[in-house]
Protein chains: 2
Amino acid sequence: MSPTAAERGREVRRKLLDAAVELIVERGWAAVSTRVLAERAGVAPGLVHYHFDSVQALLTEAATGQMREAAALIGPALAAARTPAEALGLLMASLDSYTGTDPMSLLFVETYLAAARDPQLRQVVAGLLLEFRAQLAAWLAEHDVPDPDTTATVLGAAIDGLVMHRAMDPTVTGDVITPVLARVFRDAT
Amino acid sequence: MSPTAAERGREVRRKLLDAAVELIVERGWAAVSTRVLAERAGVAPGLVHYHFDSVQALLTEAATGQMREAAALIGPALAAARTPAEALGLLMASLDSYTGTDPMSLLFVETYLAAARDPQLRQVVAGLLLEFRAQLAAWLAEHDVPDPDTTATVLGAAIDGLVMHRAMDPTVTGDVITPVLARVFRDAT
DNA sequence: AACCATCTTGGGCACTCGCCCAAGGCGAGC
DNA sequence: GCTCGCCTTGGGCGAGTGCCCAAGATGGTT
């Protein structure tokens, strides 16, 4: 019944990844250290560099993993929407769950920023961003929204921008901005 | 002709603030240290804590000063626009000057992030954000754009989001997104 | 039982960190 | 000339950093 060494090893890896996500959010990407990671994961400090090449590599894997999970939720959620108004409602509801200072918001902005300085991370994040846009664009195209690709780009950026601004101004809720954002769905010309 | 001690002191302060802006951009907010600041400013390390209470205070003053300057350029620039299309053109032109990895973009995102963890900084940044929005909203109201306040909010957030996304995907230029963004200017109903 | 791969431990190395402070200019005002 | 106030110097303190590594534990394979 007792797990094998390899299984325990994988468990430690997972605990370190979880701890990394927590700590990026709490302290900021650059302030996550070997020893704090180990302590949070309940593990000896030496294990960090046994399971990962570097702290940077651990943070990268943790952050991209979390973003991948979040991105995977978008497609199925969108599939439930029948009209553009419904889709916007879904996006706004998810926006309202991000206050700009909650874990997921901070993780995203921290990772965007880290990606601006790390080409390898940037490539991964760019891929996730394109994937998110593609899912949104596909839905828009199926529901006859004009310029689906560009519209998806603008919507995605607006959402990330709004999340960032909400940290400064919490009055920016989905309810308030829905009427304006709805305009981008309407026919061009 | 030789400057007084007080004048030289003010000059050192200024050099430290300039160095701080450069280093926040190059290394990231949390990675700017006393000694690197002093070296970049061409000044002895001890002067950092003579002229400022802490490194954090120096970074805060440097970043908010730079943002204040940038925000002050918006009003006059907007005044030159006669139609919503022209105003959007101006905003898009300024967007194109920010690649997402240029100094100003990184400084803004770094500061937003630092503000999420520092209530004092957050208050200052929030004030600047509201000021920017108010200027944009005032212009929109004068030119009969519906929901000027909310529209300004969405536009401002979209621009910041687009800047952040451009670091990952440089193909997002003003030209491409102008047609979609133009929709938010049109009459509601 | 012996061996082996794998994981784990905890301390060590060389370095940097923020902040402090005694000591030393140095020009302005008396 | 002398004192006063401001600015400046450079070293030092305790703590924290990433990464390394010799040594030990554990459990499956031969």
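Below, chain A is the first sequence line, B the second, and so on; all start at residue 1.
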Charged N to carboxylate O below 4.0 Å: is that the case for [X] and [Y]?
X: B:R14; Y: B:D18; result: yes
X: B:K15; Y: B:E22; result: no
X: B:E61; Y: B:R13; result: yes

Query raised in the report: Can you tell which of D:dT8, C:dT8, D:dC13 lies closest to the side chain of B:R35?
Result: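 For the B:R35 side chain, the nearest candidate turns out to be D:dC13.
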Query raised in the report: Picking from C:dC19, D:dT9, D:dT17, which would you name as closest to the side chain of B:A44?
Result: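 That would be D:dT9.
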N/O (side chain, [X]) to phosphate O (OP1/OP2, [N]) under 4.0 Å:
X: B:T34; N: C:dG18; result: yes
X: A:S33; N: D:dT17; result: yes
X: B:Y50; N: D:dC7; result: yes
X: B:H51; N: D:dC6; result: no
X: A:H49; N: D:dC20; result: no

Report task. Ignoring hydrogens and angles, tell me if any N or O in the side chain of A:R122 forms a donor-acceptor pair with the backbone of B:M168 under 3.5 Å. Result ->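 No; zero donor-acceptor contacts below 3.5 Å.
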Please report, rounded to the nearest Å, how far the [atom2] atom of [N] is from the [atom1] atom of [X].
X: A:L37; N: D:dT17; atom1: CG; atom2: C1'; answer: 13 Å
X: B:L47; N: C:dA23; atom1: CG; atom2: P; answer: 19 Å
X: B:F52; N: D:dC7; atom1: CZ; atom2: P; answer: 12 Å
X: A:R14; N: C:dC7; atom1: CZ; atom2: P; answer: 16 Å
X: B:E39; N: C:dG18; atom1: CD; atom2: P; answer: 14 Å
X: B:L16; N: D:dT9; atom1: CG; atom2: P; answer: 11 Å
X: A:D53; N: D:dC19; atom1: CG; atom2: P; answer: 9 Å
X: A:L58; N: D:dG18; atom1: CG; atom2: P; answer: 11 Å

Query raised in the report: Of B:R10 and B:P45, whose nearest nucleotide on DNA chain D comes first from the 5' end?
Result: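 Closer to the 5' end of DNA chain D: B:R10.
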Query raised in the report: Are B:H165 and A:Y112 close enough that their ring centers fall under 6.0 Å?
Result: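 B:H165 vs A:Y112: aromatic centres under 6.0 Å.
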Query raised in the report: Base, sugar-phosphate, or nothing for B:V48, non-hydrogen atoms under 4.0 angstrom?
Result: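 Answer is nothing: B:V48 stays at 4.0 Å or more from every strand.
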